[in-house]
Amino acid sequence: MNESGLRRALLVIAVLGLAVGIGVWQTGLGPVGADTIWAVATLPVVAALAISILRDFWIGRFGVDAIALVSMSAALLLGQPLAAVVVAIMYAGGTVLEDFARGRAERNLKALTDRSPRVAHRKSTHGTEIIPIGEVVVGDALLVRAGELLPVDGILLDTSASLDESAVSGEPLPVLRSAGETLRSGTVNAGETFSMRASALAEQSTYAAIVRMVAAAQTVKAPFIRMADRFALFLLPATLLVSGIAWFISGDPIRALAVLVVATPCPLILAAPVAFIGGVSRAARGGILMKGSTALEALAQVRTAIFDKTGTLTIGGAELIEIESAPGRGTDHLLRLLASLEQASHHVLADSIIRAAHGRHLVLSHPHDVREHRGAGLKGRVENMSIAAGSRAFALADKPLPNWAKNGEDRYRDAPVLRVFVTLGKHLAGVFTFGDALRADAHDALANLRSAGITRMVMLTGDDGATAKRISSMLDLDVIVADAIPADKVATVEAEKATAPTMMVGDGINDAPALAAATVGIAMGARGATASSEAADVIILADRLKPVAEAVRIAQRTRAIALQSIVVGLALSAVAMVAATMGQITPVAGALLQEGIDVAVILNALRTLGDGRLGRA
């Protein structure tokens with residue numbers, strides 16, 4: 001029988017003992033008296049608790065469960081078996097309730113591990129074979145059927161694929177991925193069958209990392225919880241002292257027993273673990289992975305936020321910023337023609353151009369006679385039109401810019417952007433500008449962090465001052481640090497951390513040292529930056545910035561609920577102890593009262609599973 005089953009069995013024995021004893025007491029029938037039945041029903045709980053306390057003491061751990069042992073033993077010795085069995089029910093019931101609460105809090109985390117991919121469909125010269133995912137090697141061509149989990153991380157080989165990434169990133173709607181894009185294990189094929197090439201082993205893939213972090217999240221104790229454990233060392237002697245005073249004042253050992261009973265067990269050891277597990281679980285449901293309750297508690301106390309620029313505050317790639325078109329030319333028409341041509345290119349901009357066209361739901365045509373000139377551009381035919389795209393020199397040679405294009409050239413002259421000039425036939429038809437654009441949700445994310453109590457915002461970047469100033473001018477930032485190498489980033493984090501708890505948010509390999517140096521490191525993990533994810537305490541699985549503010553809010557709410565549960569629970573227990581000292585509460589009534597306090601505390605701690613907003617959970 002496992003530990004959880006033993007706890008349930010002890011509760012059943014105690015409840016049956018109480019019920020049978022009451023029946024004998026009421027009727028006067030039976031071979032033994034009610035007191036004997038109640039005492040016998042209490043003894044298994046006493047024995048199990050004594051063994052548990054000795055086992056914990058052997059490994060250097062001591063908790064307030066000892067108060068329950070003292071109160072049950074004292075009740076039996078003082079001839080109060082009814083009080084003893086009620087305490088036994090209270091203690092056993094509390095442990096079963098705690099198991100239930102933990103189970104509910106861990107349900108979202110367990111759901112992640114239960115749905116781990118098990119097999120893969122590997123292509124070979126003999127067809128498709130089903131293999132365990134442990135046999136997948138990098139470079140294998142895999143087939144993913146409709147509704148199946150992606151077994152490992154990989155690269156999409158087909159033109160497009162629709163993926164349900166909700167279990168990994170928290171995004172509720174399917175996401176359309178294009179050829180060459182990175183795919184993550186654990187996501188679900190929400191469209192037609194497609195092919196992918198494995199880029200990582202199963203144990204190194206995204207979903208395996210999630211499972212490892214989930215396991216760690218359930219075992220690591222937060223400082224807040226460890227503090228509660230240490231406080232338990234003072235609670236037992238304090239309880240014994242108060243019960244001794246009650247006995248001394250009244251001369252009645254039963255009054256001392258009542259004090260012991262109302263102090264058993266204690267919200268101190270129930271509320272904090274349940275609340276923090278609930279908070280970690282709530283975060284995981286939103287695509288936020290916290291490496292244990294330690295990270296969650298630290299995040300709740302952060303007051304300074306430091307952001308890497310590229311890939312964190314900005315998109316981090318060459319994204320389409322603007323299309324300038326010649327008079328009479330439509331921008332969508334130009335984009336469709338250019339994206340059609342770029343299907344035959346291996347240039348770094350090709351994916352961005354094709355993705356922009358797909359984003360506008362444009363239907364691409366097949367290019368013909370394409371010739372690529374390395375470092376300059378490419379030419380070809382699309383829908384019987386001659387089209388060229390590339391640098392100004394490649395597209396125009398020595399021809400001057402037409403008047404409609406001069407304004408854009410002046411505007412972007414010193415900006416860190418890439419300009420693609422597109423000609424149809426012999427005439428310039430459009431100019432496409434690409435650059436590192438600000439994330440769409442950056443404004444809202446920073447505003448939400450301000451409202452959550454983050455008082456200082458810092459941007460770190462390796463870019464030059466002009467580029468940093470261009471991005472920072474659009475955001476509510478307090479400090480900008482430009483031209484920063486990894487060592488500069490670490491120094492900045494250390495300096496900020498010396499004045500206030502600090503979180504560092506980044507996404508690249510060069511951010512890993514700064515993430516590790518911060519009070520809390522938060523990695524934007526959607527793009528699979530392994531080094532930064534390993535160094536971070538919190539990982540945002542969605543490719544968005546707003547979940548950072550959500551993570552802070554969840555952490556703050558979780559810590560507040562844990563503290564509230566402990567303070568209110570201890571205060572109620574203290575009031576009950578005073579009442580018992582004054583003879584206002586009997587041992588049996590005290591046991592029932594304390595059980596009510598424990599139930600209320602655990603139910604309050606479970607509120608961390610919700611998001612604290614009316615109408616939402």
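If you read the sequence from its start, that first residue is 1, and numbering goes on from there.
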(message) Looking at Val382, is its backbone amide N or carbonyl O close enough to the side chain of His366 to form a donor-acceptor pair, meaning the two atoms are under 3.5 Å apart?
(response) no
(request) Measure from the side-chain N and O atoms of Lys489 to the backbone N and O of Pro513, and report whether any donor-acceptor pair falls under 3.5 Å. (result) no
(message) To the nearest 0.5 Å, what is the distance between CD on Gln556 and CD on Glu297?
(response) 12.5 Å
(request) For Arg282 and Thr558, indicate whether the former's side chain and the latter's backbone hold a donor-acceptor pair under 3.5 Å. (result) no
(message) Would the distance check show the side chain of Ser340 and the main-chain N or O of Ser365 forming a donor-acceptor pair, the cut-off being under 3.5 Å?
(response) yes
(message) Main chain of Thr502, side chain of Thr519: is a donor-acceptor contact present, judged purely on distance under 3.5 Å?
(response) yes
(message) Nearest 0.5 angstrom please: Arg177 CZ to Thr187 OG1, how far?
(response) 8.5 Å
(request) Find the distance between CZ (Arg559) and OG1 (Thr608) and round it off to the nearest 0.5 Å. (result) 14.5 Å
(request) Give the minimum heavy-atom separation between Asp483 and Asp488, together with the two atoms involved. (result) O-OD2, 3.7 Å
(message) So does Leu545 get a backbone contact from the side chain of Asp441, meaning a donor-acceptor N/O pair under 3.5 Å?
(response) yes
(request) Please test Ile471 against Thr314 for side-chain contact (heavy atoms from CB on, under 4.5 Å), starting from the C-alpha separation and ending with a verdict. (result) CA-CA 8 Å; Ile471 294 296; Thr314 64; 3.8 Å; yes
(message) Quick one, Glu192 and Asp158 - any side-chain contact, counting heavy atoms below 4.5 Å?
(response) no
(message) Taking Ile277's backbone N and O only, do any of them form a donor-acceptor pair with Ser281's side chain (distance below 3.5 Å, no angle check)?
(response) no
(message) Using only atom types and a distance under 3.5 Å, with no angle test, would you say the side chain of Asp164 pairs donor to acceptor with the backbone of Val188?
(response) no
(message) I want to check something: taking the side chain as every heavy atom from C-beta on, are Leu163 and Leu183 in contact at a cut-off of under 4.5 Å?
(response) yes
(request) Rounded to the nearest 0.5 Å, what's the gap from CD1 on Ile566 to CD1 on Ile561? Could you check? (result) 12.5 Å
(message) Quick check for you: to the nearest 0.5 Å, what is the distance between Leu150 atom CG and Met196 atom CE?
(response) 5.0 Å
(message) Under a 3.5 Å distance rule, please check whether Ser52 uses its side chain to pair with a backbone N or O of Ala48 as donor and acceptor.
(response) no
(request) State whether a side-chain donor-acceptor pair under 3.5 Å links Ser345 with Glu372. (result) yes
(request) Indicate yes or no: at least one non-hydrogen side-chain atom of Met290 is less than 4.5 angstrom from one of Leu299. (result) yes
(message) I'd like to know if Asp140 and Arg122 make a salt bridge, using a cut-off of under 4.0 Å between side-chain N and carboxylate O.
(response) yes
(message) Any donor-acceptor pair under 3.5 Å linking the side-chain atoms of Ser178 with those of His358?
(response) yes
(message) Do Leu460 and Phe307 have side chains that approach each other closer than 4.5 Å (heavy atoms only, starting at C-beta)?
(response) no
(request) Examine the side chains of Asp153 and Ser199 and answer whether a donor and an acceptor come within less than 3.5 Å of each other. (result) no
(request) Check the pair Met504 / Asp308 against side-chain contact (heavy atoms from CB on, under 4.5 Å), numbers first and verdict last. (result) CA-CA 8 Å; Met504 168 71 192; Asp308 172 55; 4.1 Å; yes
(request) Could you tell me whether a side-chain N or O of Asp537 sits under 3.5 Å from a main-chain N or O of Ala295, the two making a donor and an acceptor? (result) no
(message) Under a 3.5 Å cutoff, is there a donor and acceptor pairing between the side chains of His121 and Glu148?
(response) yes
(message) Minimum heavy-atom separation for Ala120 and Leu142, please, with both atom names.
(response) CB-CD2, 4.4 Å
(request) Drop me the distance from Ile133's CD1 to Ser185's OG, to the nearest 0.5 angstrom. (result) 7.5 Å
(request) Side-chain contact test, heavy atoms from C-beta onward, threshold under 4.5 Å: evaluate it for Val152 versus Gln204 and give yes or no. (result) no
(message) side-chain contact (heavy atoms from CB on, under 4.5 Å) for Glu342 and Leu349? Distances and angles first, verdict last.
(response) CA-CA 9 Å; Glu342 292 288 348; Leu349 287 181; 5.8 Å; no
(request) Take the angle between the ring planes of Phe434 and Phe432 and call it parallel below 30°, perpendicular above 60°, tilted in between. (result) parallel
(request) Kindly give the heavy-atom pair with the smallest separation between Pro151 and Val144, and that separation in Å. (result) CD-CG2, 4.5 Å
(message) If you compare all heavy atoms of Ile540 against all heavy atoms of Arg544, which two are closest, and at what distance to 0.1 Å?
(response) CG2-O, 3.8 Å
(message) Within the 4.5 Å heavy-atom criterion, are Arg439 and Met524 side-chain neighbours or not?
(response) yes
(message) A side-chain contact here means heavy atoms from C-beta on lying under 4.5 Å apart; do Ile288 and Leu541 qualify?
(response) no
(message) Minimum heavy-atom separation for Arg360 and Leu320, please, with both atom names.
(response) NH2-CD2, 4.4 Å
(message) If you define the side chain from C-beta out and look only at heavy atoms, does anything of Val552 sit under 4.5 Å from Met503?
(response) yes
